[in-house]
Asks: 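What follows is a single structure, and I will ask about it in a moment.
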Amino acid sequence: MDLVIRPVEPGEYEELGEITAQAYLLDGLLDFGESDGYLGELRDVAKRAAAEVLVAVENGAVLGGVTFVPGPGPMADTAGPGEAEIRMLAVARACRGRGAGEALVRACVDRARAVEGCGRVVLSAQRTMRAAHRVHERGGFTRTPERDWYPLPELDDIVLLTYELTL
């Protein structure tokens with residue numbers, strides 16, 4: 001396997017956006033399906049590139065990607081001072097099982113270690129993302145239930161579970 005993790009290129013924005021959107025749709029992670037407002041966020045890789053977007057590429061094909069947020073700011077959901085955040089990790093269904101997800105998480109952790117003053121990496125995941133939970137736990141992340149949050153406060157049945165890794 002010739003798996004490479006690297007920054008996304010502008011010519012790949014649309015492809016990665018669609019991989020991410022389809023991963024969330026096909027896995028049933030968007031409560032409102034095609035009409036879910038978050039779908040546009042998942043597809044907008046150019047906006048996410050304001051932080052850092054990485055892709056997993058194998059033999060020239062984009063398998064998936066992730067957004068690495070080096071600290072608090074507009075692309076962060078939960079990162080506070082001294083924390084980096086992993087967001088929107090997705091691997092195309094047909095490409096799963098090749099280690100791309102774990103490699104993307106490792107690349108984010110490596111980047112966080114290079115950020116001055118960064119002591120933790122945080123992330124959020126839906127309850128139903130069991131495969132993602134396993135990837136995070138294998139990578140050394142632990143649950144932080146005290147940080148769980150509701151992305152749509154008016155809908156208290158949608159909760160995001162949080163994890164952290166102390167560097």
Side-chain angles (χ1 to χ4, degrees), residues 1-34 36-70 75-79 83-114 120-144 151 158-165:
M1 176 170 62
D2 187 22
L3 184 65
V4 175
I5 306 298
R6 61 165 172 76
V8 67
E9 297 172 359
E12 297 165 330
Y13 287 0
E14 186 175 339
E15 179 181 11
L16 179 58
E18 199 54 34
I19 286 170
T20 308
Q22 289 305 311
Y24 276 67
L25 279 170
L26 295 173
D27 288 350
L29 301 174
L30 298 173
D31 290 308
F32 306 107
E34 289 280 353
D36 198 299
Y38 194 55
L39 196 56
E41 293 292 313
L42 295 170
R43 285 188 168 122
D44 194 352
V45 176
K47 177 182 175 184
R48 291 193 269 147
E52 183 177 5
V53 179
L54 304 173
V55 288
V57 178
E58 182 181 63
N59 300 321
V62 174
L63 307 183
V66 66
T67 301
F68 172 71
V69 183
M75 284 304 301
D77 277 336
T78 63
E83 297 177 333
E85 187 168 349
I86 296 173
R87 296 197 55 210
M88 301 178 198
L89 173 66
V91 176
R93 277 185 138 187
C95 302
R96 293 180 184 168
R98 301 182 197 177
E102 289 185 26
L104 287 162
V105 170
R106 279 193 310 272
C108 289
V109 170
D110 289 346
R111 279 169 167 66
R113 284 190 171 108
R120 267 186 305 284
V121 180
V122 297
L123 59 88
S124 304
Q126 293 179 26
R127 287 182 286 213
T128 57
M129 295 176 158
R130 288 177 186 83
H133 301 172
R134 287 189 299 275
V135 167
H136 304 319
E137 289 164 4
R138 279 194 307 263
F141 285 80
T142 56
R143 278 277 292 121
T144 51
I158 302 174
V159 62
L160 294 179
L161 309 180
T162 59
Y163 289 79
E164 74 174 31
L165 173 71

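Residues take their numbers from the sequence shown, with the count starting at 1.
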Asks: Taking all non-hydrogen atoms of both residues into account, name the closest pair between Met88 and Tyr24 and its distance.
Replies: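 Scanning both residues, the minimum pair turns out to be CA-OH, 3.6 Å.
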
Asks: How far apart are the closest heavy atoms of Ala100 and Leu63, and which atoms are they?
Replies: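 That closest heavy-atom pairing would be CB-CD1, 4.1 Å.
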
Asks: Does Glu102 have any side-chain hydrogen bond (donor to acceptor under 3.5 Å, both in side chains) partners at least two apart in sequence or in another chain, and if so, which?
Replies: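 Residues passing side-chain hydrogen bond (donor to acceptor under 3.5 Å, both in side chains) with Glu102: Arg138.
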
Asks: Any idea which heavy atoms bring Ala21 and Leu39 closest together, and the distance?
Replies: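 Taking Ala21 first and Leu39 second, the nearest heavy atoms are CB-CD1, 3.6 Å.
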
Asks: Going by side-chain hydrogen bond (donor to acceptor under 3.5 Å, both in side chains), name the residues that satisfy it together with Arg113, two or more places apart in sequence or in a different chain.
Replies: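 Result, side-chain hydrogen bond (donor to acceptor under 3.5 Å, both in side chains) vs Arg113: none returned.
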
Asks: Between the side chains of Asp27 and Arg96, is the shortest nitrogen-to-carboxylate-oxygen separation below 4.0 Å, so that they form an ion pair?
Replies: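 Salt bridge: yes.
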
Asks: Checking Glu12 side chain against Glu9 main chain: does a donor-acceptor pair fall under 3.5 Å?
Replies: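 Answer holds: yes.
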
Asks: Let me confirm one number: the OG1-CE distance from Thr67 to Met75, rounded to the nearest 0.5 Å.
Replies: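 The OG1 atom of Thr67 sits 5.5 Å away from the CE atom of Met75.
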
Asks: Would you check if Val105 and Val135 make a side-chain contact, meaning some heavy-atom pair closer than 4.5 Å?
Replies: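 Answer yes - side chains close enough.
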
Asks: Can you list the residues that meet the side-chain hydrogen bond (donor to acceptor under 3.5 Å, both in side chains) rule with Thr20, with sequence neighbours excluded?
Replies: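 With neighbours one apart ignored, the set is empty.
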
Asks: Given side chains that start at C-beta, do those of Arg106 and Arg111 come closer than 4.5 Å, heavy atoms only?
Replies: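 No, too far: nothing below the 4.5 Å cut-off.
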
Asks: Report yes or no: does Glu52 contribute a side-chain atom to a donor-acceptor pair with the main-chain N or O of Pro70 at less than 3.5 Å?
Replies: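 Not at all, since once roles are kept as given, no pair shorter than 3.5 Å links the two residues.
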
Asks: Any side-chain heavy atom of Phe141 within less than 4.5 Å of one from Val109?
Replies: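 Yes. Closest side-chain heavy atoms under 4.5 Å.
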
Asks: Check whether any side-chain heavy atom of Arg98 sits under 4.5 Å from a side-chain heavy atom of Leu3, and report yes or no.
Replies: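 A side-chain contact is absent here, since even the closest heavy-atom pair is not under 4.5 Å.
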
Asks: For the side chain of Gln126 and the backbone of Leu29, is there at least one donor-acceptor N/O pair under 3.5 Å apart?
Replies: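 Between the backbone of Leu29 and the side chain of Gln126 there is a qualifying donor-acceptor contact (under 3.5 Å).
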
Asks: Do any N or O atoms from the side chain of Arg48 and from the backbone of Leu42 form a donor-acceptor pair under 3.5 angstrom?
Replies: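 Here the side-chain-to-backbone pair exists.
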
Asks: Taking CD in Glu14 as the centre, count heavy atoms belonging to other residues, nucleotides or ligands within less than 6.0 Å. Is the count above 12?
Replies: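 Not more than 12 within 6.0 Å, no.
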
Asks: Please report the interatomic distance OG(Ser124) to CE(Met129), rounded to the nearest 0.5 Å.
Replies: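 So the OG of Ser124 and the CE of Met129 are separated by 9.5 Å.
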
Asks: Among Asp77, Ile86, Thr162, Leu161, whose side-chain contact (heavy atoms from CB on, under 4.5 Å) with Leu123 holds?
Replies: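 Testing Leu123 for a side-chain contact (heavy atoms from CB on, under 4.5 Å) against Asp77, Ile86, Thr162, Leu161 leaves exactly one candidate, Ile86.
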
Asks: Report the residues that fulfil salt bridge (Lys or Arg N to Asp or Glu O under 4.0 Å) with Glu41, sequence neighbours left out, ordered by chain and then residue number.
Replies: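 Salt bridge (Lys or Arg N to Asp or Glu O under 4.0 Å) list for Glu41, sorted by chain: Lys47.
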
Asks: For Glu83, what residues pass the side-chain hydrogen bond (donor to acceptor under 3.5 Å, both in side chains) criterion, not counting sequence neighbours?
Replies: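 So Glu83 forms a side-chain hydrogen bond (donor to acceptor under 3.5 Å, both in side chains) with Arg120, Arg147.
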
Asks: Is there a side-chain contact (heavy atoms from CB on, under 4.5 Å) between Glu58 and Val4 once you walk through the steps?
Replies: CA-CA 6 Å; Glu58 182 181 63; Val4 175; over 6 Å; no

Asks: Using the test ring-ring contact (aromatic ring centres under 6.0 Å, His included), find all partners of Tyr163 that sit at least two apart in sequence or belong to another chain.
Replies: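 With sequence neighbours excluded, Tyr163 shows a ring-ring contact (aromatic ring centres under 6.0 Å, His included) to His133, His136, given in chain and number order.
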
Asks: Taking the side chain as C-beta and beyond, is there a heavy-atom pair between Tyr13 and Glu18 under 4.5 Å?
Replies: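 Answer no - side chains too far apart.
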
Asks: Which atom names give the shortest non-hydrogen contact between Ala107 and Leu54, and what distance separates them?
Replies: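 Closest approach of Ala107 to Leu54: CB-CD1, 3.9 Å.
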
Asks: Is the shortest side-chain heavy-atom distance between Val55 and Arg6 below 4.5 Å?
Replies: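 SC-SC contact between Val55 and Arg6 confirmed.
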
Asks: Is Thr142 close to Leu165 at the side-chain level, that is, under 4.5 Å between some pair of heavy atoms?
Replies: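 They are not in side-chain contact.
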
Asks: Compare every heavy atom of Arg87 with every heavy atom of Val66, then report the nearest pair and how far apart it is.
Replies: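 Shortest heavy-atom contact: CG2-O, 3.4 Å.
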
Asks: Work out which heavy atom in Phe68 is nearest to a heavy atom in Cys108; give both atom names and the distance.
Replies: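 Taking Phe68 first and Cys108 second, the nearest heavy atoms are CE1-O, 3.3 Å.
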
